[in-house]
2 protein chains.
Amino acid sequence: MAELRPNADAMKRLRALGLRPTRQRMALARLLFDHGNMHVTAETLYDSAQDADIKVSLATVYNTLHQFTAAGLLRQVIVDPSRCYFDTNVDEHHHFFFEETGQLADIPDELIRSMAPGDLPPGTKLSRIDIVVRLRGAA
Amino acid sequence: MAELRPNADAMKRLRALGLRPTRQRMALARLLFDHGNMHVTAETLYDSAQDADIKVSLATVYNTLHQFTAAGLLRQVIVDPSRCYFDTNVDEHHHFFFEETGQLADIPDELIRSMAPGDLPPGTKLSRIDIVVRLRGAA
DNA sequence: GTGTTTGCAAAGTGTTTGCAATTTA
DNA sequence: TAAATTGCAAACACTTTGCAAACAC
């Protein structure tokens, strides 16, 4: 059953990360982390919050996504030049990106090294594979 | 030596793609394709044009980049959620992205399948590897 | 009470669009 | 001259910021 009172565990976890467990952060954390792996944009998370009758502004959604990312609770996924995606799965892993719908899906680990045409989701065609190795340090 | 008259070859090539070889397109094509492989954004190409005393508007740079991409002369590279990169190398290949400077560099083909720590450019540290498999078709 | 966080509205950034003027064929 | 292209400025989508009011401790 869903919790009717503030979740003491979640409060502790947020506090441990240096984030005050405000009503907004608790509510967004619940949306993000209580439903298995999720891929969200600011907009989709904001919409989910509206649907769940959570009173929160879009600006706070942006702030929270960045704070959670900085705290290691989320990982940014770069697939679209005009939108920031965030993934609740922060482990090293990779994605299918459905170009028409903007949906993201994890690629099961086993598949990534030996991708054959038959491994694609049914009904889809490979458009392209992008591999970007991000570096820090000298130019 | 650089050509002082319109390049008949380039004109033919553009015309074959259904694009009128206008002064702007010819000049941008020369910037893009006469200097080996390049990675540009609209802004960097616009700046290069300014430096080369090519009279062209930023809007035309955007149009041209998209027309060239549609024609298969360029390939988009998605590495930054806030900028569109274009690559004059349209073959399937992958990139190093230097996060601090925004620079892109091709990853030599041989490296991509057996990337070891020593294969990174000197002075850099691995930040992360992003692999995105883009699909068309069912969601 | 003090410092943090929120929410609004304004500003910012990169990109696209509408349309009159210009260029190409 | 007819159709395509350009360039400007306005519009756009997404994101960030400034600051007063609300909140957490």
Side-chain angles (χ1 to χ4, degrees), chain A residues 5-8 10-29 31 39-47 49-50 53-71 74 76-86 102 104, chain B residues 5-8 10-29 31 39-50 53-71 73-74 76-86 102 104:
Chain A
R5 301 173 307 145
N7 177 329
M11 292 184 66
K12 260 185 239 159
R13 253 177 274 130
L14 284 183
R15 216 180 261 111
L17 297 166
L19 297 172
R20 283 193 182 175
T22 62
R23 179 178 57 74
Q24 291 87 337
R25 292 210 266 239
M26 295 289 289
L28 293 176
L31 284 182
H39 302 100
V40 303
T41 65
E43 205 70 33
T44 65
L45 182 57
Y46 179 70
D47 290 348
Q50 303 297 100
D53 279 312
I54 294 165
K55 260 200 64 181
V56 63
S57 70
L58 185 55
T60 296
V61 170
Y62 275 104
N63 287 337
T64 303
L65 286 172
H66 288 137
Q67 292 153 354
F68 284 6
T69 301
L74 293 175
Q76 257 193 282
V77 186
I78 294 154
V79 283
D80 184 324
S82 72
R83 244 190 206 65
C84 285
Y85 284 76
F86 296 83
L104 270 181
Chain B
R5 298 174 309 146
N7 178 330
M11 291 183 69
K12 262 186 240 159
R13 250 176 278 134
L14 285 182
R15 215 179 262 113
L17 296 166
L19 298 171
R20 284 191 181 175
T22 63
R23 181 178 56 74
Q24 290 88 338
R25 293 211 266 239
M26 295 290 289
L28 293 177
L31 283 182
H39 302 99
V40 303
T41 65
E43 204 69 34
T44 64
L45 182 57
Y46 179 70
D47 290 348
S48 303
Q50 303 297 98
D53 280 311
I54 296 165
K55 261 200 64 182
V56 64
S57 70
L58 186 54
T60 296
V61 171
Y62 275 104
N63 287 337
T64 303
L65 285 172
H66 288 136
Q67 291 154 353
F68 284 7
T69 301
L73 299 177
L74 293 175
Q76 256 193 284
V77 186
I78 293 155
V79 285
D80 184 322
S82 72
R83 244 190 205 65
C84 285
Y85 284 75
F86 296 85
L104 271 181

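Throughout, a chain's letter reflects where its sequence line sits, starting with A, and its residues are numbered from 1. Side chains included, hydrogens not; waters and symmetry mates left out as well; all remaining heavy atoms used.
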Could you tabulate the donor-acceptor pairs under 3.5 Å formed by side-chain atoms of residues 76-84 of chain B, not counting sequence neighbours?
residue	atom	partner	partner atom	Å
B/D80	OD1	B/S82	N	2.8
B/D80	OD1	B/S82	OG	3.0

Rounded to whole Å, please give me the gap between CD in B/Q76 and C1' in C/dT15. 11 Å
Backbone N or O of A/V40 within a donor-acceptor pair of the A/T44 side chain at under 3.5 Å? no
Tell me: CZ of A/R25 to P of D/dA24, nearest whole Å? 11 Å
For the residue pair A/L19 and A/F68, establish whether any side-chain heavy-atom pair is separated by less than 4.5 Å. yes
Under 3.5 Å, N/O pairs linking protein and nucleotides 16-19 of chain D:
none

A/Y46 to A/L58 - nearest heavy-atom pair and separation: CE1-N, 3.5 Å
Rounded to the Å, how far apart are A/I54 CD1 and C/dT6 P? 13 Å
B/A49 meets the side-chain contact (heavy atoms from CB on, under 4.5 Å) criterion, sequence neighbours left out, with B/L28, B/L31, B/I54, B/V56
A/L14 CG to C/dT6 P: how many Å, rounded? 11 Å
Mind calculating the distance between CG (B/L28) and P (D/dT5) to the nearest angstrom? 14 Å
Sub-4.5 Å side-chain heavy-atom contact between B/L14 and B/M26: yes
Nearest whole Å is fine: how far is C/dT6 C1' from A/L19 CG? 14 Å
Give a yes or no answer on whether the side chain of A/Y85 reaches the backbone of A/G102 with a donor-acceptor pair at less than 3.5 Å. yes
Over the length of the helix from C/dG12-D/dC14 to C/dA25-D/dT1, how much do the five-pair end axes diverge, rounded to 10 degrees? 20°
For the pair made of OH in B/Y46 and C1' in C/dT15, what is the distance, rounded to whole Å? 15 Å
All N/O contacts under 3.5 Å from nucleotides 21-25 of chain C to the protein, with atom names and distances to one decimal?
residue	atom	partner	partner atom	Å
C/dT24	O2	B/R20	NH1	3.0
C/dA25	OP1	B/R15	NH2	3.1

Length of the line joining A/L65:CG and D/dC14:P, which is rounded to integer Å: 14 Å
Nearest-Å distance once atom P is located in both C/dA10 and C/dG14: 22 Å
Once side-chain hydrogen bond (donor to acceptor under 3.5 Å, both in side chains) is applied, do any residues pair with B/R25, and if so which ones, sequence neighbours excluded? B/Q67
Those residues that, when tested against B/R15, pass side-chain contact (heavy atoms from CB on, under 4.5 Å) (two or more places apart): B/M11, B/P21
If you look only at pairs with a residue in residues 53-65 of chain B, which of them pass as a side-chain hydrogen bond (donor to acceptor under 3.5 Å, both in side chains), with sequence neighbours excluded? B/S57-B/T60
Kindly write out the residues that satisfy side-chain hydrogen bond (donor to acceptor under 3.5 Å, both in side chains) with B/D47, not counting sequence neighbours, or none if the list is empty. none
